[in-house]
Amino acid sequence: MTTLELDRAPTDDVARARDQAFAGLRAAMPPDIMAEALRCSGRLEAELPNRPELEKNLVLVAFGGGKDSAYMLAFVRAMQLILYKVHGRTFRMRVATNRHAGMPRAVMENIDREYRALRLTDDPDCELLLVDGDDISEFDVDSPQREHVVRRNRLDILMTGHRTFADGRPTFCNSCNLSVFNAFGLAAAYGDGADVLITGDSPQEQRQYTFWVGRLARQLRTAPAARPRAGQSGFGRVLGQLDGIAQSYFADIHGPEAIDAIAARRVSTDVPERLRFFTIYGETAYAAGDHFDLLTGFLGFQFDDLAFSFTESDCANPALMAHLRGLKAEHLFRRSYDDGLAEYVEFALGLMRKKDIPDGLVEMMRARYDSPDALKRMRLAVQEYALETFGLTEEQLVCMTYSPFAGQGAGLEQFVDREHPGLAARLGEIHRLLGGEPGDPGLVAELERISGLEPSQLRVLYSRSVQTPGSGGTPVIDLILAGDPHKAVIETRHTQDGPNTFEQISGR
C-alpha cells in the first residue's frame with residue numbers, strides 16, 4: 001500500500017464524508033504517525049477474518065475518554081479510512097465507553113468533540129456505545145448519569161474505604177476496574193459480536209496481565225461455577241477468571257449474604273469465541289507529548305480541572321483520593337490538612353513521571369496545588385464534587401478515614417471520642433447495635449448521617465476485618481493491591497509531633 005493509493009477521488013456521499021474526515025486527520029496527524037497507521041492498517045487487514053468483504057468485520061475499540069484512548073481511537077480511525085481509500089470498503093468500528101460516577105461531564109464533552117472531529121457520528125460503519133453498568137445505549141453527550149450506577153459506585157467506595165482507612169486505590173479503583181472489564185465483555189458480545197478487540201498493550205503486557213489474573217483467581221480460590229465454559233476464547237477465559245475475582249471481592253466487601261449486590265457486579269463472559277486481540281503497540285506509542293497538537297487541536301481534547309486529575313485525564317476520583325489523605329492527616333493523625341495533601345501530591349506526581357506523562361502536564365498538576373490559596377480552592381472544589389457526585393458529606397468522608405466500624409469496631413472509641421464526643425456515653429449501645437441487636441431509632445439515624453451507610457451495611461463492616469498498617473489484615477483487598485504498581489511507601493508521621501514512620505499509600 002502506498003500514499004498514492006490514498007488520493008483516490010470520492011464517488012458518493014459516504015465516500016465524500018470519509019474523504020473529508022481523512023483529509024482533516026491527515027493534516028493534523030504527524031507524518032510519522034500517519035505512516036505508522038498506514039503500515040498497521042495492512043497488518044490489521046491481514047488479521048481480519050473476512051478479508052474479501054471488509055465491511056463484514058467488526059472491530060471494537062474501548063474508549064475511556066482520556067488522552068491515551070483518545071489518541072488510540074484517532075489511530076484506529078485512520079486505519080479504517082486508509083483501508084476505505086484503498087479498497088472502497090472497510091471494517092465496521094464499534095467504540096464503547098464505560099461510564100462510572102467519577103466521570104465528569106467534561107469527559108463526555110471531550111468524547112463528543114473527538115467523535116465530531118473524526119466524523120464518526122455520521123458514518124454508517126461506526127457504532128458509538130455508552131455502557132452504564134449492564135445497560136448499553138447509543139452515545140449521547142447529554143445522557144445523564146444512571147442513578148443505579150451512582151448508588152452502586154457510592155456504596156462500593158464506602159464499603160471498601162471503611163476497611164482500608166480510605167486508601168485511594170482499593171477504595172476507588174477495585175470495583176471500577178472490574179466494571180471496565182464487564183463493559184469490555186458486554187460491548188464485545190453486543191449484537192452479532194465483535195471480531196477483533198484493539199489494544200495498545202504489548203503482547204508481553206497482555207501475557208503479564210493474564211498471568212496476574214490467573215494467579216489472583218487461584219489465590220482467591222474462585223468458585224468453579226465462575227469459570228468460563230469449555231472452548232471459550234482466550235479473552236473469555238480471562239473474563240471468566242475476573243468474574244470469579246469479582247464474586248470473591250464483592251462477597252468480601254458486602255458480605256456473602258448480599259446475593260443481589262454480588263450478582264449485579266459480575267463480569268460478563270459471554271464473548272464470541274472468534275474474538276481476537278490486535279495490538280497497535282508495535283507501530284505506535286501512547287506518549288502524549290508526541291501527539292499533543294493532534295490531541296488538543298484537531299481532536300479538541302481539553303484538560304479539565306477535575307477530569308484531569310494526576311495520572312488520569314478521564315476521572316476526577318484521584319482528586320478525591322488526595323482530599324481524603326488531607327482529611328486523614330487533619331483528623332486521624334492530628335496534623336494539618338495541607339500536610340496530608342502535600343504527601344499525596346508528591347506521591348501522585350511521582351506516579352505521573354513513572355508513566356512518562358509529559359512534563360507540561362506534570363507541571364500543570366503541580367501548580368494546581370502549589371500555594372495555600374490553591375489548596376483551599378481545590379479543597380472546596382473536591383468537597384463540592386464529592387457531594388454532587390456521590391452524595392458524600394465531609395463528615396462522612398472523615399468517618400471513612402477512621403474506618404471505625406470494621407474489625408468489631410476496633411477504631412470506634414477513638415473516632416467517637418474525637419469526632420462525636422456527644423455519643424461517647426452510648427458506645428456500648430453502638431457496639432450492641434452493630435452486633436445485630438435492635439437500636440434506638442434516633443441513634444440509628446445519627447449513625448446513618450455520620451457514615452452514609454444503613455445499619456445493615458454497618459453490621460457487615462463490623463463483622464469484617466480492617467487493615468492493619470504494615471501487616472495487611474484484609475486478605476482479599478491485600479491480594480489485589482499486592483500486584484498493583486500504583487502504590488509507594490512514604491515517610492510520614494501518624495501523630496502531630498512524630499516520630500517519623502513509613503506507610504504504604506496507593507492511588508492514581
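Just so you know, residue 1 is the first one in the sequence shown, and it goes up from there.
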Apply the test side-chain hydrogen bond (donor to acceptor under 3.5 Å, both in side chains) to residues H494 and K328: give CA-CA distance (whole Å), side-chain angles for both, the deciding distance (0.1 Å), then the verdict.
CA-CA 10 Å; H494 287 174; K328 182 186 287 190; over 6 Å; no
Report the C-alpha distance between Q408 and Y462 in whole Å, list the side-chain angles of each, state the deciding distance to 0.1 Å, and finish with yes or no for side-chain contact (heavy atoms from CB on, under 4.5 Å).
CA-CA 5 Å; Q408 299 291 307; Y462 194 73; 3.3 Å; yes
Before giving the answer on side-chain contact (heavy atoms from CB on, under 4.5 Å), spell out for R265 and Q247 the whole-Å C-alpha distance, their side-chain angles and the decisive distance to 0.1 Å.
CA-CA 8 Å; R265 292 161 172 79; Q247 291 183 72; over 6 Å; no
Using side-chain contact (heavy atoms from CB on, under 4.5 Å), reason through H100 and V180 one step at a time and then give a plain yes or no.
CA-CA 9 Å; H100 56 90; V180 168; over 6 Å; no
Give the intermediate values and the outcome of side-chain hydrogen bond (donor to acceptor under 3.5 Å, both in side chains) for residues S403 and R163.
CA-CA 6 Å; S403 292; R163 302 276 301 282; over 6 Å; no
What do the steps show when you test T492 against R335 for side-chain hydrogen bond (donor to acceptor under 3.5 Å, both in side chains), and what is the final call?
CA-CA 11 Å; T492 183; R335 294 163 57 203; 3.0 Å; yes
Is there a side-chain contact (heavy atoms from CB on, under 4.5 Å) between F211 and R215 once you walk through the steps?
CA-CA 6 Å; F211 175 78; R215 182 177 63 185; 3.9 Å; yes
Decide side-chain hydrogen bond (donor to acceptor under 3.5 Å, both in side chains) for D156 and H254; before the verdict, give the C-alpha distance in whole Å, the side-chain angles of both, and the deciding distance to 0.1 Å.
CA-CA 8 Å; D156 290 344; H254 298 291; 2.7 Å; yes
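Looking only at distances, no side-chain donor or acceptor of R459 sits under 3.5 Å from a matching main-chain atom of G435. D478 places a side-chain N or O within 3.5 Å of a backbone atom of G473 that can act as its donor or acceptor partner. With T474 contributing its side chain and I477 its backbone, the two residues share no donor-acceptor pair below 3.5 Å. With S506 contributing its side chain and H486 its backbone, the two residues share no donor-acceptor pair below 3.5 Å. Listed for the R266 side chain is no donor-acceptor partner under 3.5 Å among the backbone atoms of I262. In this structure, the side chain of Q396 engages the main chain of T393 through a donor-acceptor pair within 3.5 Å. Of the possible polar contacts, one joining the S309 side chain to the A319 backbone as a donor-acceptor pair under 3.5 Å is found. With hydrogens and angles ignored, the 3.5 Å screen pairs no side-chain donor or acceptor of T199 with any backbone N or O of T279. Of the possible polar contacts, one joining the N153 side chain to the A101 backbone as a donor-acceptor pair under 3.5 Å is found. Under a 3.5 Å cut-off, the side chain of N110 and the backbone N or O of G65 do not form any donor-acceptor pair.
To the nearest 0.5 Å, atoms NE2 (H291) and CD1 (I33) are separated by 6.5 Å. The distance from atom CG of L332 to atom CG of L324, rounded to the nearest 0.5 Å, is 12.0 Å. Note that CD of Q219 is 10.5 Å distant from CD1 of I480, once rounded to the nearest 0.5 Å. A distance of 7.5 Å separates CG of N174 from CG of L481, quoted to the nearest 0.5 Å. How far CE of M159 is from CD1 of I253: 7.5 Å, rounded to the nearest 0.5 Å. Here CZ of F405 is found 11.5 Å from CD of Q457. Values are rounded to the nearest 0.5 Å.
Taking the ring centroids of Y209 and F181, they lie under the 6.0 Å cut-off. Remark: aromatic rings of H331 and Y402 are distant, center separation not under 6.0 Å. Between F310 and Y344, a ring centre-to-centre spacing shorter than 6.0 Å is recorded. Ring centers of F292 and F303: under 6.0 Å apart, within the cut-off.
The two atoms that bring S451 and L447 nearest to each other are OG-O, 2.8 Å, heavy atoms only. Taking all atoms of both residues into account, the shortest heavy-atom contact from A194 to L60 is CB-CB, 4.0 Å. Contact record, L178 with V267: O-CG2, 3.8 Å, taken as the closest heavy-atom pair.
A salt bridge links R169 to D484: one of the charged nitrogens lies within less than 4.0 Å of a carboxylate oxygen. Electrostatic pairing of E394 and R379 counts as a salt bridge here, judged by a charged N lying under 4.0 Å from a carboxylate O.
Side chains of T269 and R237: a donor-acceptor N/O pair is absent below 3.5 angstrom, by distance only. Looking only at atom types and distance, the side chain of T160 has a donor-acceptor partner in the side chain of Y249 under 3.5 Å away. A donor-acceptor contact closer than 3.5 angstrom is absent between the side chains of D167 and T171.
Residues satisfying the side chain to side chain contact (heavy atoms under 4.5 Å, CB included) test with I136, not counting sequence neighbours, are L129, V131, L186, Y190. For R105, the salt bridge (charged side-chain N to carboxylate O under 4.0 Å, His left out) criterion is met by E109, D142, not counting sequence neighbours. Under the ring pair (Phe, Tyr, Trp, His ring centres under 6.0 Å) criterion, H323 pairs with Y337, sequence neighbours left out.
Heavy-atom neighbours of D260 CG from other residues, nucleotides or ligands within 6.0 Å: at or below the threshold of 12. For CG of L387, the number of neighbouring non-hydrogen atoms (other residues, nucleotides, ligands) closer than 6.0 Å is greater than 12. For E491, the CD atom is densely surrounded, since the number of other residues' heavy atoms within 6.0 Å is greater than 12. Heavy-atom neighbours of E413 CD from other residues, nucleotides or ligands within 6.0 Å: at or below the threshold of 12.
Among residue pairs with one or both ends in residues 395-407, those qualifying as salt bridge (Lys or Arg N to Asp or Glu O under 4.0 Å) are E395-R449; sequence neighbours excluded. Residue pairs that meet the salt bridge (Lys or Arg N to Asp or Glu O under 4.0 Å) test with at least one member in residues 309-326, sequence neighbours left out, are E312-R508, R325-E343, R325-E503. The side chain to side chain donor-acceptor pair (under 3.5 Å) analysis of residues 357-369, with sequence neighbours excluded, yields the pairs E363-R366.
Contact check for V271 versus F184: no side-chain heavy atoms found under the 4.5 Å cut-off. Within the 4.5 Å cutoff, no side-chain heavy atoms of I430 are placed close to those of R432. At a threshold of 4.5 Å between non-hydrogen side-chain atoms, the residues M108 and L130 count as touching. Residues V444 and E454 have side chains not in contact (no heavy-atom distance under 4.5 Å, counting atoms from C-beta outward). Looking at heavy atoms from C-beta onward, F390 lies in side-chain contact with N317 at the 4.5 angstrom threshold. Residues L320 and L397 meet the side-chain proximity criterion, which asks for heavy atoms closer than 4.5 Å. Between P170 and C173, the closest side-chain pair of non-hydrogen atoms is not below 4.5 Å. The shortest side-chain heavy-atom distance between R207 and T210 does not fall under the 4.5 Å cut-off.
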